[in-house]
Amino acid sequence: MPLDPNAVPGLLRALDSADVYVRIPAAEALGKIGNPVAIARLVATLDDARPDVRRRVIGALTRIGTEPKARAAAQVVPGLVRGLEDADPSVRWAAEAALRRLNISSARAALARWRGVGL
């Protein structure tokens, strides 16, 4: 069932909820909707205290970045790069996988810098 794009403002507000079980589905829904307007707010949510929320945000950014209609791949790369520096290894792994999946020049360059290749 497609999600209503009109839900984006409410979902963006839900990312501020004190309840992790509100923040996680909000991030997932924003990724499914695929509206690039959510990118900045999702990137800000990478500061969430919960790694499970941060992983969902990485997933949402990946979905937005790979949505052909959104044409937002380059816009999500900075947020995914932030994920490479996360304290939680599962978030770092998700960010690395997302950058590989995007497979655009800025994502490949970010991965090379992170791995220390060509420095």
Side-chain angles (χ1 to χ4, degrees):
M1 172 200 249
L3 296 173
D4 184 355
N6 294 319
V8 170
L11 291 168
L12 292 171
R13 285 190 302 277
L15 292 174
D16 293 324
S17 174
D19 187 343
V20 68
Y21 298 108
V22 172
R23 295 191 311 272
I24 286 174
E28 291 173 340
L30 287 165
K32 288 177 184 175
I33 291 170
N35 189 331
V37 77
I39 294 171
R41 185 63 190 88
L42 286 165
V43 170
T45 305
L46 286 170
D47 292 331
D48 196 280
R50 300 279 306 247
D52 45 348
V53 172
R54 297 191 308 268
R55 275 193 311 276
R56 290 335 192 289
V57 167
I58 294 290
L61 290 170
T62 304
R63 285 187 81 149
I64 294 170
T66 56
E67 171 60 46
K69 289 183 273 181
R71 296 188 178 133
Q75 294 174 27
V76 301
V77 169
L80 297 175
V81 169
R82 277 190 60 194
L84 292 174
E85 303 302 325
D86 197 273
D88 187 273
S90 67
V91 176
R92 291 192 305 267
W93 179 88
E96 180 183 10
L99 287 164
R100 279 188 278 119
R101 182 172 178 203
L102 284 181
N103 196 29
I104 60 172
S105 61
S106 58
R108 289 190 302 270
L111 284 170
R113 280 191 306 275
W114 180 63
R115 292 179 182 137
V117 176
L119 297 178

Is there a side-chain contact between [X] and [Y], using heavy atoms and a 4.5 Å cut-off?
X	Y	value
Val76	Thr62	no
Arg50	Arg23	yes
Arg92	Leu84	no

Measuring from atom [atom1] of [X] to atom [atom2] of [Y], what distance do you get when rounded to the nearest 0.5 angstrom?
X	Y	atom1	atom2	result
Asp52	Arg55	CG	CZ	5.5 Å
Leu15	Arg41	CG	CZ	5.0 Å
Arg63	Arg56	CZ	CZ	12.5 Å
Leu46	Glu85	CG	CD	12.0 Å
Leu30	Asn35	CG	CG	8.5 Å

Quiz item: Going hydrophobic residue to hydrophobic residue with side-chain gaps under 4.5 angstrom, can you get from Val77 over to Trp114?
Solution: yes
Provide the closest heavy-atom pair for [X] versus [Y] in the form atom of the first, atom of the second, distance.
X	Y	answer
Gly83	Ile58	CA-CD1, 4.1 Å
Leu80	Ala95	O-CB, 3.3 Å
Leu99	Ala107	O-CB, 3.5 Å
Ala26	Leu11	CB-O, 3.7 Å
Ala38	Ile64	CB-CD1, 4.4 Å
Leu42	Ala60	CD1-CB, 4.0 Å

Quiz prompt | For Thr45, the option from Leu61, Asp16, Leu12, Val57 that meets side-chain contact (heavy atoms from CB on, under 4.5 Å) | solution = Val57
Quiz prompt | Residues which pass side chain to side chain donor-acceptor pair (under 3.5 Å) with Asp19, listed by chain and number, not counting sequence neighbours | solution = none
Self-check item: Residue among Asp48, Asp86, Asp47 satisfying salt bridge (Lys or Arg N to Asp or Glu O under 4.0 Å) with Arg54
Solution: Asp86
Quiz prompt | SB check Glu96 Arg101 (cutoff 4.0 Å) | solution = no
Self-check item: Atom CH2 of Trp93: over 12 foreign heavy atoms under 6.0 Å
Solution: no
